[in-house]
Amino acid sequence: MRLEIGKFAGFCDGVKYAVESAFSFAVKNNNDNIYVDGELIHNPQTLKLLKENNVHTLESDDDLSLIDGKDIIIRAHGVTPERKRLLQAHAKNVYNLTCKYVGRLQSIVKKYSALGYRIVIIGNAKHPEVVGVVGFANDDCYVLSSKEDILKLPSEEKNTLIVAQTTEQQEIFDSLVSIIKEKYSKVDLVIKNTICKATEQRQNEVVEIAKRNDVVLIIGGANSSNTRNLYKIASSIKPAFYVEYKEDLDKIDLSTFNSVGIMAGASTPDWLIMDIANTVKEKYSSRFKKVLNYLLDFTMASHLFFSVGAFLLSFAVSKILSEEFAHSIGVITALYYNAMSILNGYTNDALFLSDKKKYEIYSKYKIFFVSMITTSIFIILIISYRMGRDIFMLIIFSTVLGIIYNLSFKKIKSLEHSIFIKVLSSLIPFKAFIISFAVTFLLNGSIFLQHRNSVINNKLTFLFSAAFVFLLMFIRQVFFEIRSSQSDKIAGATTLTSYIDSSKLAVLVSLLPILLIMIMSILMIFHYYPSELKNIINMIPIAYSGIISLLLTNKKILSSNYLFFILIDTPLYVAGIVSFI
Ligand code: F3S
């Protein structure tokens, strides 16, 4: 069975901004309750997580004294001016997260109301966005959702503004506008298509998806209007099903279809889309494929592909430094990062959202993976002990630091007040830097300790090898953070994506290899470049990692299951392979 997931499926910019802001307010608010005026998004799983982070929903009929002295969020749908005044009178802070498209719609309605125009809104009168917009209109305001509703309009002609709910179906808007045009032909009729860009893109895409596939699954909350519209569009072309929870798939039989298109409403989180897509894939794949996929999942959970890559990277570094490759350093590097990566999986509170399969494998085979961590650490210590005191101390230091850093992700009560843990916890958002630095420290540090004299004589080459390792690791780590940024934020985890927007961060990171190549070229021009690095081959892994980074800026590749995990580690393999040449 072939699966196609829509490029525009999932959070739109307005919802993304609202959800991320709500979670960051929750972090800043130090456990004090925050309220959202109405459900922040139409997604029960996200609402549950918000509640666990002390972000509660203020229902429209709740007593406003509930928010006295508290913070309140106005969600993307916006509110009436009257409601906003009431919230301001009670709450300590009012965070207005009204989507910019809704804000624009409110301003248009306000402007034309002041000019005395009749206001016609095409949309659902009960939808909170429309309720809010009506609050900006004068009394001569009508909300229409079907041709029959046109009868509600007064026959007396008057200058009229026609707008749409931001998530309205384009086709409905167009057909109602043409009827109103006939009805009010003698007056000034201002038509503003206020359907937002995200809705337009999604609606166009669902048409294409429905045409290309045998059946369409629409993922999203049952009371989300944009999800309902997507369903209506898809079902007018091909058989379509609503899926709100993974369990809904039990009621659907897709076995007679060869291809399934997946589209999701603007308030459906990425992790839910992935979870549902994976469940469909698993349920309808052959027995052989199921076993193969499980083996691949297990290999990825055990970080074996990455560990072999780390071994090859240590080989590449020895070659760059023109030192004989010590297999023991390769083994230490591979086992250390294998142990730390698995440990990171157990301490990562967002894993159950960002990578459900890995989470399930870790839960099911806990004893196996914990034994793997302890055995790896034990072997590392034995090997390093045999290599000499300096390397042994370096490994002890790195291992203790790695374990404590990982533990600082967990909110362990007894360790909460330890200054060391506090310092490490404050570094969590900089996980990508810390991990990349740790790899560089361990790998290049071990080689330095082994070949101190020759390294001191080739400082620039050593610096290049350190920059090389740091760069490959940093790019790898940042793309992992970008991939899981949505679920990290929902689970309250802070990473670099909390400070820089994921798409911008992906582009910035892709530029790093180009930057390193430029620095190398400038040094070459000014004859500062070490002669042993002049072989153009050293540029290949850097250029390759740049190409991979650019590929990963594509959302489809980034969210793919196996392709991402294979691509992200290939620069380590390329580095190892070119070193053989
Ligand atoms: Fe805004 Fe459109 Fe999303 S109005 S909240 S971008 S669906």
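Numbering of ligands and ligand atoms starts at 1, following listing order. Just so we're clear, the structure is a prediction, and the values are computed from it rather than from any experiment.
- Between Tyr242 and Tyr231, the two ring planes are parallel [angle under 30°; tilted spans 30° to 60°].
- Among the atoms of Cys196, an N, O or S atom falls under 2.8 Å of atom 2 (Fe) of ligand 1.
- Side-chain contact check for Ser225 and Thr167: at least one donor-acceptor pair (N or O, by modelled atom type) lies under 3.5 Å.
- Residue contact check: Thr166 has heavy atoms under 4.0 Å from atoms 4 (S) of ligand 1.
- The ligand atoms of ligand 1 that sit less than 4.0 angstrom from a heavy atom of Cys99 are 1 (Fe), 4 (S), 5 (S), 6 (S).
- The protein non-hydrogen atom at the shortest distance from atom 3 (Fe) of ligand 1 is Cys12 SG, 2.2 Å.
- Defined by atom type and a distance below 3.5 Å, a donor-acceptor pair is missing between the side-chain atoms of Glu4 and Ser259.
- No close placement of the Tyr17 and Phe11 rings is indicated, their centers lying 6.0 Å or farther apart.
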